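Please read all numbers here as calculations on a predicted model, not as lab measurements.
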Amino acid sequence: SISFGMPLMKSIRPCTDRIFDVHLMISDPEKYAPAYIQAGADGITVHAEACGERLEEILRELKHQGVRVGCAISPDTPWTVLEPVLPMLDMVLVMTVYPGFGGQKLIPQTLDKVRVIRSRYPELDIQVDGGVNSETLPEVLEAGANVIVMGTAFFRAEDPSKFVKQVKGV
């Protein structure tokens with residue numbers, strides 16, 4: 001399932017200069033990435049598990065297309081699978097839930113990966129996605145994440161505007 005597809009992205013791109021960070025949690029992301037880039041994506045994140053042995057090739061091609069390049073790893077994937085490609089990444093996405101559905105609870109052990117990556121790559125953007133809410137945000141930030149996805153927490157907030165102000169104050 002695609003949350004926000006290319007037609008929606010293309011239609012709102014002229015209305016904003018905000019960063020469009022596209023997370024392609026799909027098989028064969030290299031087939032779809034060019035269309036997202038053409039629609040206005042600033043960055044593309046692919047899953048290491050979906051790319052398999054073609055990961056480096058896919059990341060290199062994305063870099064060649066001029067977008068920020070990210071790579072996601074699922075909760076059970078060791079961060080070390082990214083070591084060979086870390087020099088070409090702009091961002092690592094540590095999934096803190098099993099990919100696929102919103103509203104899951106953050107898996108605390110996944111933050112250990114964030115801590116290790118942050119200690120070894122202090123300048124790298126580290127994104128966390130899954131189970132981040134007002135209660136888990138302080139721990140996520142302490143672990144070293146600096147790009148945060150808070151989908152369910154935002155969309156379930158009674159007052160989304162107030163929620164955003166609260167989060168920015170953390």
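- Side-chain contact check for Val22 versus Leu24: some heavy-atom pair is nearer than 4.5 Å.
- Around atom CD of Gln38, no more than 12 heavy atoms belonging to other residues, nucleotides or ligands sit under 6.0 Å away.
- For Arg115 (side chain) and Arg118 (main-chain N/O), no donor-acceptor pair under 3.5 Å exists by modelled atom type.
- Residues Asp90 and Asp125 fail the side-chain proximity criterion, which asks for heavy atoms closer than 4.5 Å.
- Heavy atoms only, all atoms of each residue included: Phe154 and Pro160 are closest at CE1-CB, 3.5 Å.
- Partner of Val67 under the side chain to side chain contact (heavy atoms under 4.5 Å, CB included) criterion, out of Thr45, Asp42, Ile37: Ile37 alone.
- Surrounding NZ of Lys10 are at most 12 heavy atoms belonging to other residues, nucleotides or ligands under 6.0 Å away.
- The closest side-chain heavy-atom distance from Ile44 to Val69 is not below 4.5 Å.
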Can you give each donor-acceptor pair under 3.5 Å made by side-chain atoms of residues 70-86, sequence neighbours left out, with the distance rounded to 0.1 Å?
residue	atom	partner	partner atom	Å
Asp76	OD1	Tyr98	OH	2.9
Asp76	OD2	Tyr98	OH	3.3
Thr77	OG1	Glu49	OE2	2.5

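- Arg156 and Asn133 share no donor-acceptor pair across their side chains, judged by distance under 3.5 Å alone.
- Of the N and O atoms on the side chains of Asn146 and Gln127, not one donor lies less than 3.5 Å from an acceptor on the other residue.
- In this structure Ser161 satisfies the side chain to side chain contact (heavy atoms under 4.5 Å, CB included) test together with Asp159, Lys165, sequence neighbours excluded.
- Salt bridge annotation for Glu57-Arg60: absent, with no cationic side-chain nitrogen under 4.0 angstrom from a carboxylate oxygen.
- In this structure, Lys105 has no salt bridge (charged side-chain N to carboxylate O under 4.0 Å, His left out) partners at least two apart in sequence or on a different chain.
- Here the side chain of Thr16 pairs no donor or acceptor atom with the backbone of Arg13 at under 3.5 angstrom.
- Taking a 6.0 Å sphere around CZ of Phe163, one finds it holds more than 12 heavy atoms contributed by other residues, nucleotides or ligands.
- Counting heavy atoms from C-beta on, the side chains of Leu137 and Ile148 come closer than 4.5 Å.
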